[in-house]
Each structure stands twice: as structure tokens, then as C-alpha cells.
Protein chains: 2
Amino acid sequence: MITIYDIAKRAGVSVTTVSRVLNGYADVSPSTRRKVQHIVHELGYRPNAMARGLTTKRSMSVGVFFHDNVNTGLSHPFFLEVINGFKETIGAEGYDLLFFANDTLDNELKTFEARAKHRNVDGLLLWAIPEDDPSLAALVMSSIPSIILDLDLTGPCMGNISCDNFGGAVQAMNFLLENGHRNIAFVSGLLSTHSARERLLGYQHALQLHGIPYRPEWMLEGDYTEKSGYAAAKRLLKSGDLPTAVFCSSDMMAIGVMKALEEGGMLVGEELSLIGFDDIMMASYITPGLTTIRQKKHEMGVIAARALLELIENSDKVPEALTMDTELVVRGTVRPLAL
Amino acid sequence: MITIYDIAKRAGVSVTTVSRVLNGYADVSPSTRRKVQHIVHELGYRPNAMARGLTTKRSMSVGVFFHDNVNTGLSHPFFLEVINGFKETIGAEGYDLLFFANDTLDNELKTFEARAKHRNVDGLLLWAIPEDDPSLAALVMSSIPSIILDLDLTGPCMGNISCDNFGGAVQAMNFLLENGHRNIAFVSGLLSTHSARERLLGYQHALQLHGIPYRPEWMLEGDYTEKSGYAAAKRLLKSGDLPTAVFCSSDMMAIGVMKALEEGGMLVGEELSLIGFDDIMMASYITPGLTTIRQKKHEMGVIAARALLELIENSDKVPEALTMDTELVVRGTVRPLAL
DNA sequence: TTGAAAGCGCTAACAC
DNA sequence: GTGTTAGCGCTTTCAA
């Protein structure tokens, strides 16, 4: 391994000077600089991030906590898109991404904070974290710059980003209402999550605004999985008391609903309208295409990265709760109600 | 920040002893060990990975190079499943995952090797890397333990894993042949990739084995994207010379083919049979369900992790080229040929 | 504009 | 069983 000592010796300067050149400081004579740079290239020198990090206390890396399969056993439907936006943006500023995977630590070391400090990451991105994770509270209060997705948490150094769950739900409802629907059932996500509660609120708000009574029997609780959507629709079917439209808190649940409805002999998009939430890839591939509320996934990653960078690079920055707007995507599952 | 010096002072022992306890060495008296451990917990001490790495030359992290959007602008259809298997397995051995994202390095430092050494990763996982990447050749010959997916490359410290592309293609063809099809077109992936070439070979092999002449006009080159499958099918349709079945080198292309065929008024699964490759999630959600050759994705991640661990932990280990077997998944797009 | 030297937190000879 | 000490490769005062 080539170190700055090798460079220094070869160039006939001190390691300090080499370090200065490497870090682009101004107080080096042009000729020295050139000489050092030349040797750096010649020897194929690469700085050692650990050694640098030891002294500077920065690692130029950000940690990522991502709990997949929390309840579902499924992969997250749009992980890659968000993470790609995040990666591009943060990578352009010189950071690499550290995904925590190590599972051999003893209990004390398993907290978010401990693991982040262990790796000296400069910041943290958290996603799909259960709200009741025992070590989350400590992290919220910590001094580690972090951005958490889909959870309404802020702290001295923690900001959060969600899509406009409430607004998106209203958007979905408005589309249904504009199409003449007034009997609208709702399939909610796991109500222990912030997003699910917000979407439910949006549903209720839209109802209220239009003077439509809220019918608890039309509020079916699911858990964001296809299976739970399927089960919800089965319950609905069995009740015999059908709405003209169903608003699902996620596309995966909407797909489950579609399946159950079709099994029950109903033509989705004809006899019954359906709208989802998320706009996962599948929404445009199934038949009929699922009308839904799009989350801007790539953009969410970008915004998350920018917000985190600000928190890292400017400690005066007050963390915010950011909201991404949503978009209505019209496909085939909503039809105007024939009067 | 609490260091082993703090622990040592408080416990009235030397830092060496603390280090010994921390690393679980045997030559420490039980009472000393207990005392140190107690203080470690009490003070909430967390080891500093960078400092440790500096001396040990190991980082307990493995680097991941993943080129998304290589040509397609699309997210990889089964990234998460593979990476989850990998992450679980490697995490259980104490490693974290470093995703290279930093894009600010100058050219000299942009090679795989340079970036890996910069971060002192103990091993490397590479995926979706263009075969002609200019810095790949150097990595192959390097002494960094690495596993590369879907590329037929081995080196002194590099092993690779692919699914059985050839065998899977034969499997697909056999199913078609068993169902009476003899006029079978093939939509290939990007022929600059190893997997696409192998699958083509499998197609040709099966043809030959059954004494069916290879018809170049029925070998349509695509690039793994839906769009290219769509275009291929359009060409086929226009030629007027239709096969009874089409074997697609990927599910995404098969989906494109389906779309084009349906636009052309053909009933896929009735008038024309179709089989894909990969078994992406979408394959089971579209209508009709796509018959395909499944790649065992999670398992692939697990195997990759195990292979990499072996390479890291045992430098005598000779890297191998591993092949994962595939599975036929029967859904609705293949029908026996009426005679 | 340059260099000497200390120190970041940890491990590992080596000695006792 | 335990401690002393010398690094690991780098940055950063402080002096010159």
C-alpha cells in the first residue's frame, strides 16, 4: 500500500505538504504541487478513508437503515427508485452509502445510534422503520444528522420526508366524487403507521366536505399487503352492502381487492370503481390498469439526499418536515357513475 | 467519545486488557473480564470501526458495485430480492454493506479497485456491470476477494455466479416442445451480455436436439427491455410468418411481446404460446399469467454471500464459477398445440 | 511556503 | 494474566 510517506519521500517534501496538495490547500507553491501530483499519479496512490476519517471525524459516508419485510415478507415495492435518487444526489457530493447489515452485535450495540457511531457515518437515512422501534426515540434526540422517510418525526438533527398522504387521499377521493361516486369504501393500511392514518384522515375529510356520512363498516383495515386487500374485499362482498367505489391505501392492496372482486364476479372498472395509492410499477401492467395516486419516488430520494446534506454540512440548519406532492394517474379502474 | 483509554482508566487496567476483553480473547482473568465488561456497558462504549480498521487492515464491510439503468432507464426488476439474501447472510457474519455512490473522484480513482481500496472493503459484490467496463479487467486480476453476478469472469480472487442460463433456456424450450410446438421464435436479450448469449445457445441446442432447423428470421434481437420485446413482436407480426410459440429471454420482453401480440389481435396463450425468463413479480400479475423460467433470486444472494465470505476468510480458496439452477413456472401463456 | 511532531482510537508484538 | 509500546495512514497545530 502506498502512503503519503512514499509520496513525500519520492517528492522530497514532507508529508504535510503532500497532505496539503491532496486536500487542495492554497499554500503550496505551484511547482511543488505539480511535482507531488505527478508522483501521486505515477504511483497510483489512493487515500485511505479510514485513516483520514480517524483524524477528521468524518467518513464521507451516510448510513442507511432499511427494514424490509417488516410485516409482509415482501420486498418494498419502490425501494430502488427512491434509493437511486438518493444515491445519485448524495454520491455527487462525494458520499458513499453504508447499509447496515451486521447482525452479530450484542444488544447494547444494536441501537441506531450505536451502529451509526461505530461506523462514523456522517448522516443517516431511515426508511420503513417501525414507529415503535425501541431505539428510535434515542436517535431522534441524538446529534446525528438524519432523515427519516414516511414517519412524522423531527428532532434537533432529524428531519423527515413523506409524500402528502392526506392530500393524496383527498385527491383520490375528489376524483371518485367528481365521477359521481358517493358510496365509497376505504381499505386502510396498517393503522400503526403514520401514512395509513393520514390517508384515512384524507378519506374522512373528503367525505365530510361533501356531506357524506362516514360509514365505519366501509372502513376496512388492511396492512398494505395484497393479501389484506383481498381479505378486505371478501368481507365487503360478504356483507352484501356494496359501495360503488373503493379507495385503497396502497396499490398492492388494490390489486388484492381486484382479485377478490373478480373472483366474486364483479367487473372492476365497470360495476365497481377502484383507486389505489403509490403508483407502483405493477399498477400500469395489470388489467385493467389501476387508477392511482402517484408518489414521486425518485424525486423523494433526491429531496431526502439534499435535506440530509444540508443537515450534515450546516449544523445551524433546523430540520424540517418535508412533504412531497402527489399526482393523480388515471387508468382504467374508475368509471363515471351512471345516474 | 468514549475510548478504550476511558474504560482502561476506570477499570484500573491497561488498554491492552480492554482490547482483549472486547475481542473476546481467552487470556484474561474472569474477574477482570467482568469488571471491564461492566464498565463498557456502563459507559455505553462503542468501538470505533475506523480505528480498528486502521490497525487490522480489515473493515468488516463489503463493497457493492451496482450499475442500475445501464441501458434501460429502468430499475432492475429483482435487485431487492437478491440483495436481501446477500445482506442477511453477510450481515450474520458481522459485515456491513458499502454501496459505492461517490461520483466526485477524478478519473484515476474511479476504478473498481481504487474505490475498493480507498474504503478498505474486505470484499466486493459486483452486479449489472457492463462486460466492457474499462476497469473490470484490472479488478479481475487484483487480489480483492470479489463475486460478480451474471458475468462469466474468474480471477485469482474473483468468483462468479449466474443462474443456469443455458439450462434454463433448454428447460423453456423443452416445455414448449413437450406441448407440441416446433415453430418457435426466440427473442434474445442484449447479445453483448453473457446471459443473453447462453440463453440463445440453449434455444439453439434444444432446436438441434429435436432436429428442428434454426431459422435466423425467428431469432429477434432485443435488449431485455419491454420496448425491445414489443418491437420484436411487431417485426414478427409484420413478416406474416408466425411461429406457434415464442420464447423470450426475459419476462420484461415477454410482456412487451404480449402487448404487441394483443394489439395485433392475437390471443396469447390461445393462438400463440409464450414463455419468459426470470420470473419477476409482474409475471404472476399480468393477464394471462406468464409461464416462465424462474431465477432463484433470494437464494442467489445467499450463495453469493457465502462464496464471498469463503474468499475473504480463506485466501487459499480457489474462486469458482457457480451456477444456480432454474425452475419452470407454469402459468397461462403456454397451451398444448392442437394437432 | 514548508516541515516536525502530536494524536485520532485501536491492535499486536513483546516483555514481564 | 497483564502492561508497555510501537505503529496503522492521515491531518493539523505550531514553528520556522
Side-chain angles (χ1 to χ4, degrees), chain A residues 1-37 39-40 43-61 94 105 109 114-122, chain B residues 1-37 39-40 43-61 94 105 109 114-122:
Chain A
M1 165 171 264
I2 295 147
T3 73
I4 53 172
Y5 283 89
D6 301 318
I7 309 286
K9 195 186 298 171
R10 183 92 156 233
V13 298
S14 74
V15 291
T16 314
T17 302
V18 176
S19 177
R20 283 192 183 110
V21 172
L22 256 18
N23 290 288
Y25 291 158
D27 53 353
V28 183
S29 80
S31 73
T32 313
R33 180 182 305 276
R34 257 195 309 275
K35 186 167 48 178
V36 170
Q37 279 169 338
I39 297 178
V40 161
L43 265 47
Y45 165 82
R46 347 179 179 295
N48 179 321
M50 307 200 117
R52 183 175 286 175
L54 233 206
T55 42
T56 59
K57 308 285 181 208
R58 296 195 55 180
S59 63
M60 293 307 287
S61 70
L105 303 164
L109 263 42
R115 301 176 74 176
K117 291 203 169 143
H118 170 68
R119 286 289 182 187
N120 284 94
V121 294
D122 300 328
Chain B
M1 164 169 264
I2 294 147
T3 73
I4 52 172
Y5 283 90
D6 302 318
I7 310 285
K9 195 186 297 170
R10 184 91 155 233
V13 298
S14 75
V15 290
T16 312
T17 301
V18 176
S19 176
R20 283 192 184 109
V21 171
L22 256 19
N23 290 288
Y25 291 159
D27 54 353
V28 183
S29 80
S31 73
T32 314
R33 180 182 304 277
R34 258 194 308 277
K35 185 167 50 176
V36 170
Q37 279 169 337
I39 297 178
V40 161
L43 265 47
Y45 165 81
R46 343 178 181 297
N48 180 322
M50 306 200 119
R52 183 175 286 175
L54 234 204
T55 40
T56 60
K57 307 285 180 209
R58 297 195 55 178
S59 62
M60 292 308 286
S61 69
L105 304 165
L109 264 42
R115 301 175 75 176
K117 292 205 169 141
H118 171 67
R119 286 290 183 187
N120 284 93
V121 294
D122 301 329

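Letters A, B, ... are given to chains in the order of the sequence lines, protein chains preceding strands, and every chain is numbered from 1.
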Under 4.0 Å, heavy atom to any atom of DNA chain C: which of residues 19-32 of chain A qualify?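 Output list: A/Arg20, A/Asp27, A/Val28, A/Ser29, A/Thr32.
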Specify the separation, in whole Å, of atom [atom1] of [X] and atom [atom2] of [N].
X	N	atom1	atom2	result
B/Met60	C/dT11	CE	P	13 Å
A/Lys9	D/dC10	NZ	P	14 Å
B/Asn48	D/dC10	CG	C1'	14 Å
B/Arg58	C/dA12	CZ	P	11 Å
B/Lys35	D/dG1	NZ	P	14 Å
B/Leu54	C/dC8	CG	C1'	9 Å
B/Ile7	C/dG9	CD1	C1'	12 Å
B/His118	D/dC8	NE2	C1'	16 Å

Think [X] has a side-chain N or O under 4.0 angstrom from the OP1 or OP2 of [N]?
X	N	result
B/Ser14	D/dG3	yes
B/Lys57	D/dG9	yes
B/Arg52	C/dG9	no
B/Thr55	D/dG7	no

Would you indicate what A/Met1 reaches in the nucleic acid, counting non-hydrogen atoms under 4.0 angstrom: base, sugar-phosphate, or nothing?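 Sugar-phosphate, backbone atoms only, no base.
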Does [Y] offer a backbone N or O that forms a donor-acceptor pair with the side chain of [X] under 3.5 Å?
X	Y	value
A/Asn48	A/Met50	yes
A/His118	B/Pro47	yes
B/Ser59	B/Asn120	yes
B/Asp122	B/Met60	yes
B/Asp6	B/Thr3	yes

Would you indicate whether A/Arg33, at its atom CZ, is surrounded by more than 12 heavy atoms from other residues, nucleotides or ligands within a distance under 6.0 Å?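 More than 12 heavy atoms, drawn from other residues, nucleotides or ligands, come within 6.0 Å of this atom.
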Any N/O donor-acceptor pair, A/Tyr5 side-chain to D/dC8 base, under 3.5 Å: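 Answer no: no donor N or O sits under 3.5 Å from an acceptor.
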Using only modelled atom types and a 3.5 angstrom limit, is any donor from either the side chain of B/Thr56 or the base of C/dA12 paired with an acceptor on the other?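 For B/Thr56, whose side chain was compared with the base of C/dA12, there is no donor-acceptor pair (under 3.5 Å).
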Do A/Thr16 and A/Ser19 meet the criterion of a side-chain donor-acceptor pair at a distance under 3.5 Å?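 No - no donor-acceptor pair under 3.5 Å links their side chains.
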On DNA chain C, compare the nucleotides closest to A/Arg33 and B/Met50; which residue's is nearer the 5' end?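 Whichever sits nearer the 5' end wins; that is A/Arg33.
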Looking at C/dG7, D/dG3, D/dT12, which one has an atom nearest to any side-chain atom of A/Thr16?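 The answer is D/dT12.
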